[in-house]
Amino acid sequence: MPKTEFQIVIVEDDPFARNWMALLAARDWRTRLAGEFDAPQKIIPMLHQKASLVDLILLDTELPGGEDWIPEIIGAISGLQNPPAILCIGIHAKPNVLSQLENDCFVGYILKNEINYSLAWAIDIALRGKCVVTEGVRSLAAGMRYTLPHPCVMLDGRKTLQSTLSKHQAEVSRLAFLFSMERRELADEMGIVEDWSYGLVSQIYEQLGVKDIINDDEALQSYFGDQPLILAHVEKIRAAGKNSIKAHDLETLAFHIITMPEMVELP
């Protein structure tokens, strides 16, 4: 049976960061949260029981205890027929974490402020066979003359591929579509009257080409041709008929577009 979504586990001691990553995972069509843990030792029992049900562990690299817990997690998944992948995430790039990428179970190392809203894109690319890094990690690797695994993609979630949107529009749109903001809340964020917020959302949809993507195969393929999980969801929306398209579906599709990071294939 084809996979409909990736099951992820978050190991992160900061409640705000953990909740933020969980929200991003829940909003994206490609990822679902299988568990949240504030300490690495708490994930070990789950891995012994349900590791085969987990596709990826999102592992905070700055938890108390340093790298001492990494061998325990590797030990818990080693020998499994389908062990979960491990994607490292942190605030600052660290040499001792970078060196972990030599282990086959590690699929990348990203920094929080550089991946920003594009977390699910990083997870998707990593689980489709490419090592994923952000600029700070790439820079550290270059300074250490460390050879990153190949193939490798550098992502920048701070930028948007939609040059038609201003920086402010893009930021507010991400928040609005992430949280499914009521138009009154959106108007408050934008500093405009509520009536204008409805027109603004329609304008953003038009600039992003949301309705074109829903209705036109060529437009859909140009954005998401290499994203089978997103394509499957759009096909479901289409199958329901034009009159059954929900505002939530349009918001979620727009969220996928506006969180698409800048991607660079590294040599």
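Just the heavy atoms: all of them, side chains too, but no hydrogens, waters or symmetry mates, feed the values below.
Rounding to the nearest 0.5 Å places CH2 of Trp29 at 7.5 Å from CD1 of Ile230. Interatomic distance, Leu56 CG to Thr31 OG1, rounded to the nearest 0.5 Å: 10.0 Å. To the nearest 0.5 Å, atoms CG (Leu220) and CZ (Arg238) are separated by 5.0 Å. With rounding to the nearest 0.5 Å, the separation of CE in Met260 from CZ in Phe255 is 12.0 Å. In this structure, NZ on Lys130 lies 3.5 Å from CD on Glu265, to the nearest 0.5 angstrom. If you take CG on Leu229 and CZ on Phe224, they are separated by 12.0 Å, rounding to the nearest 0.5 Å.
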Note to self: Using the rule given for side chain to side chain contact (heavy atoms under 4.5 Å, CB included), can you reason through Asp28 versus Phe6, listing the C-alpha separation, both sets of side-chain angles and the distance that settles it, and then say yes or no?
What the structure shows: CA-CA 10 Å; Asp28 198 282; Phe6 296 123; over 6 Å; no
Next item on the list: Just do the side chain to side chain contact (heavy atoms under 4.5 Å, CB included) check on Ile257 and Tyr223 with the steps written out, would you?
Entry: CA-CA 8 Å; Ile257 298 169; Tyr223 274 91; 3.8 Å; yes
Next item on the list: Verify side chain to side chain contact (heavy atoms under 4.5 Å, CB included) between Ile110 and Leu119, making sure each step is shown before the conclusion.
Entry: CA-CA 9 Å; Ile110 58 178; Leu119 182 63; 3.9 Å; yes
Checklist line | Full working for side chain to side chain contact (heavy atoms under 4.5 Å, CB included) between Ile213 and Leu253 | finding: CA-CA 9 Å; Ile213 292 171; Leu253 180 56; 4.0 Å; yes
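At a threshold of 4.5 Å between side-chain heavy atoms, the hydrophobic network of Ile, Leu, Val, Met, Phe, Trp and Tyr places Ile91 and Ile10 in two separate groups.
Contact check for Leu155 versus Ser118: no side-chain heavy atoms found under the 4.5 Å cut-off. Side-chain contact between Glu12 and Leu58 is absent, with no heavy-atom pair separated by less than 4.5 Å. Residues Asp249 and Val234 form no side-chain contact, since every pair of their non-hydrogen atoms from C-beta on lies 4.5 Å or further apart. Here the side chains of Cys88 and Val97 are in contact, with some heavy-atom distance below 4.5 Å. Looking at heavy atoms from C-beta onward, Val137 lies in side-chain contact with Leu98 at the 4.5 angstrom threshold. Looking at Asp156 and Thr134, their side chains never come closer than 4.5 Å, going by heavy atoms from C-beta outward. Using a 4.5 Å heavy-atom cutoff, the side chains of Thr61 and Ile89 are not in contact. Taking the side chain as every heavy atom from C-beta outward, Leu127 and Leu87 never approach each other to under 4.5 Å.
The two atoms that bring Asp124 and Arg30 nearest to each other are OD1-CD, 3.7 Å, heavy atoms only. Residues Tyr109 and Gly90 share a closest heavy-atom pair of CE1-N, 4.5 Å. Residues Pro149 and Leu101 share a closest heavy-atom pair of CG-O, 3.8 Å. For the pair Phe37 and Arg18, the tightest heavy-atom approach, listed with the atom from each and the gap, is O-CD, 3.9 Å. Closest non-hydrogen pair, Met263 versus Val153, comes out as CB-CG1, 4.1 Å. Of all the heavy atoms in Ile8 and Ala25, the pair that sits closest is CD1-CB, 3.7 Å.
Side chain of Ser139 to main chain of Glu135: no donor-acceptor pair is present (N/O by atom type, distance under 3.5 Å, no hydrogens or angles). A donor-acceptor pair is defined here as one N or O able to donate and one able to accept, closer than 3.5 Å; such a pair exists between the side chain of Asn215 and the backbone of Lys211. Side-chain atoms of Asp216 come within 3.5 Å of backbone N or O of Ala219 as a donor-acceptor pair. Remark: the backbone N or O of Pro15 is paired with a side-chain donor or acceptor of Asn19 at under 3.5 angstrom. Gln100 places no side-chain N or O within donor-acceptor distance of the main-chain N or O of Cys105, the cut-off being under 3.5 Å. In this structure, the side chain of Glu36 does not engage the main chain of Val11 through any donor-acceptor pair within 3.5 Å. A donor-acceptor pair under 3.5 Å links the side-chain atoms of Arg128 to the main chain of Asp226, judged by distance alone.
The environment of Glu206 atom CD is sparse: at most 12 non-hydrogen atoms of other residues, nucleotides or ligands sit within 6.0 angstrom. The neighbour count for Asp104 CG, taken as heavy atoms of other residues, nucleotides or ligands under 6.0 Å away, does not exceed 12.
Ion pairing between Arg27 and Glu251 holds under the 4.0 Å rule for side-chain N and carboxylate O. Under 4.0 Å is where a charged nitrogen must lie from a carboxylate oxygen, and between Arg158 and Glu262 no such pair does.
Listed by first and then second residue, the side chain to side chain donor-acceptor pair (under 3.5 Å) pairs involving residues 144-155 amount to none (not counting sequence neighbours).
Here the options are Glu5, Arg32, Gln7, the test is side-chain contact (heavy atoms from CB on, under 4.5 Å), and the partner is Asp55; only Gln7 passes.
The side chain to side chain contact (heavy atoms under 4.5 Å, CB included) check on Asp13 picks up Asp60, Leu63, Pro64, with sequence neighbours excluded.
Taking the six-membered ring for Trp and thresholds of 30 and 60 degrees, Tyr117 and Trp20 have ring planes more than 60 degrees apart, a perpendicular arrangement.
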